[in-house]
There are 2 protein chains.
Amino acid sequence: MNDLSHHEQAIELLQELGLKEYEAKAFVALTRLPEGTAKEISEISEVPRTRVYDAVRVLETKGLVEIQHANPQRFRAVAIDEAADTLRREYEDRTDSLRATLRAIEPAAPDEETEVTHEVWSLSGGTAITSRTRQLVDESDDEVVLVIGDESAYTSELRERLQAAGDRGVSVVIGITEGSLRERVERDLPDARVFVSGLEWLHSSAETGDETVIRRLLLVDRNTILVSSFHEDLGEGHEHEQAVFGRGFDNGLVAIVRRLMYTGLLSNVEA
Amino acid sequence: MNDLSHHEQAIELLQELGLKEYEAKAFVALTRLPEGTAKEISEISEVPRTRVYDAVRVLETKGLVEIQHANPQRFRAVAIDEAADTLRREYEDRTDSLRATLRAIEPAAPDEETEVTHEVWSLSGGTAITSRTRQLVDESDDEVVLVIGDESAYTSELRERLQAAGDRGVSVVIGITEGSLRERVERDLPDARVFVSGLEWLHSSAETGDETVIRRLLLVDRNTILVSSFHEDLGEGHEHEQAVFGRGFDNGLVAIVRRLMYTGLLSNVEA
DNA sequence: CGCTGGGTTCACTCACATAATCACAATAAG
DNA sequence: CTTATTGTGATTATGTGAGTGAACCCAGCG
């Protein structure tokens, strides 16, 4: 990756962090110069000279740039780490406020009864999916069957939750597609049943150009399932995890997956 | 603050965190409901029903909402903490990338010689100002005079820097306007000279309605100064710290402040 | 003095993204 | 079959930001 695309990438990032195009370009320009005038900035960035002033003023109020009021004015960017910290903190503060504000709102719903059958929900994003996985394991009463399609899906937190489930009498069954994980899991969860393969087809479907793998497959108490798939979408690193999660013993999706899992299980289980 | 303004505040925050208006409104609506249909969301938020679908789809890809594909579709928001964490993490990742990317760019400047005289820079934002304060104390050779107008400006980090400066032979003089801080500072910096008052006028100018106080006043080696003021701007908590920072013994600003500080100092110093 | 030229600010146009509304297809209920 | 409700797509407004040029200010200089 050459330096030009670094520029563009930095500019994009800054825009995602809430700066306007001119602001982002001006800041990147100033990052390359120990200091600069409007003219200089305009030359090495693509910002029209007459707009450099607005942009830099905004940057100053955000604490990213210092201004020397002389003729001509001179500008300089703060240190990189300082800039990054400033921006990070800004968003941290916002998420904190959001948390507090939402908490103050929430209890405002006319709680109704809802039938708990046949639901199928879809969700996406690693964090959301991880979170629901955890929750489902936690609420298991009887049995947890989990197929781990990818080493990274087996986190230490998940391990703890599984151990806790086992400790309260839930039978834990773990399916693995890669051999490497097996030892670790067997060591972590001595009471669990661990099996390998029987489900290789879950892995990448090499025939289609589709780069999709099943990452997690969870069946709880025979009536709730969660399936997540991982897409190595597009050439760039734009990867994304998607999942569906269903409830209800007679839910079609649940039924199918239950069937599949027990099939893979029966032919491979080891005590 | 009633609940209605909580809503608005939450919506604003979400927009600042990168959501569109409809997305923000729909999310807040879902926060109040255990789950909801497009119609319900449209009713309690101000989002046109036909737009709820798009908005919620976007929220789903951001990991903030789960969708049940039934008829009618049902939506639910993830837990508040989960949502806040998801958003925070998103921005943390971005600032990290930014840091890395900028580092890769920086060495791209034709380093020129610059005369180091008579500069006056302005900067704003607590972090930027704190950072420059630190830097100036660190580069002191001979003398540091610091007036602390506000307890919060005396952080533990600053204390360490001042101690370090003292240890390498720099004479440290601290001015204080509130008595409460005095003990602490004298204990922290036994070698420093500490004086109180003589500079009360630095504090709030009660006659003008203006809520502005001088927060820090720093003179380094008699030739570099930094003055920061704190505005309790506007009725709302919209506060902001602004500063100027100047270099050069014969710089007019530096000269004036030097004069002022030594005036306050001479009449009050204690060994 | 008035001119000239760079530096700076401001006001204006244009394009694009988003908000808002509508028309229509699909589905379920009566 | 009719009707109401749900979902999708197309279309029209509106507002924000990018891009451009005119006006202003203030040197220095003829």
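Convention: sequence-line order gives letters A, B, ...; per-chain numbering from 1.
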Between [atom2] of [N] and [atom1] of [X], the distance in whole Å:
X: B:Q68; N: D:dG7; atom1: CD; atom2: P; answer: 11 Å
X: B:I11; N: C:dA19; atom1: CD1; atom2: P; answer: 12 Å
X: B:Q15; N: D:dG15; atom1: CD; atom2: P; answer: 15 Å
X: B:K25; N: C:dT18; atom1: NZ; atom2: P; answer: 16 Å
X: A:E60; N: C:dT8; atom1: CD; atom2: C1'; answer: 17 Å
X: A:R57; N: C:dT8; atom1: CZ; atom2: C1'; answer: 9 Å

Item to check | Within 45° cone and under 6.0 Å: B:R51 NZ/CZ vs B:Y22 ring | outcome: no

Checklist entry - Hey, which of these two, B:F75 or A:E21, hits DNA chain D nearer its 5' end, going by closest nucleotide? => result B:F75

Checklist entry - Taking all atoms of both residues into account, what is the closest heavy-atom pair of A:E16 and B:Y91, and its distance? => result O-CE2, 3.7 Å

Checklist entry - Pick the nucleotide of DNA chain C nearest each of A:Q73 and A:R51; which residue has the one closer to the 5' end? => result A:Q73

Side chain of [X] - closest among [options]:
X: B:K20; options: D:dT20, C:dT8, C:dT18; result: C:dT18
X: B:K39; options: D:dT6, C:dT21, D:dG17; result: D:dT6
X: A:A38; options: D:dA18, C:dT8, D:dG9; result: C:dT8
X: A:P72; options: D:dA18, C:dT9, C:dG7; result: C:dG7

Item to check | Any B:R49 side-chain N or O less than 4.0 Å from OP1/OP2 of C:dA20 | outcome: no

Next on the checklist: With a 4.0 Å limit, can you tell me whether B:Y53 has a side-chain N or O closer than that to the phosphate oxygens OP1/OP2 of D:dG7?
Outcome noted: yes

Checklist entry - Is the count of non-hydrogen atoms from other residues, nucleotides or ligands lying under 6.0 Å from B:E46 atom CD greater than 12? => result no

Next on the checklist: Does this structure show an ion pair linking A:E43 with A:R49, if we count only N-O contacts that are shorter than 4.0 Å?
Outcome noted: no

Checklist entry - So, are B:R88 and A:D93 salt-bridged, with charged N and O less than 4.0 Å apart? => result no

Checklist entry - Reckon B:T50 touches a base, only the sugar-phosphate, or nothing at all at heavy-atom distances under 4.0 Å? => result base

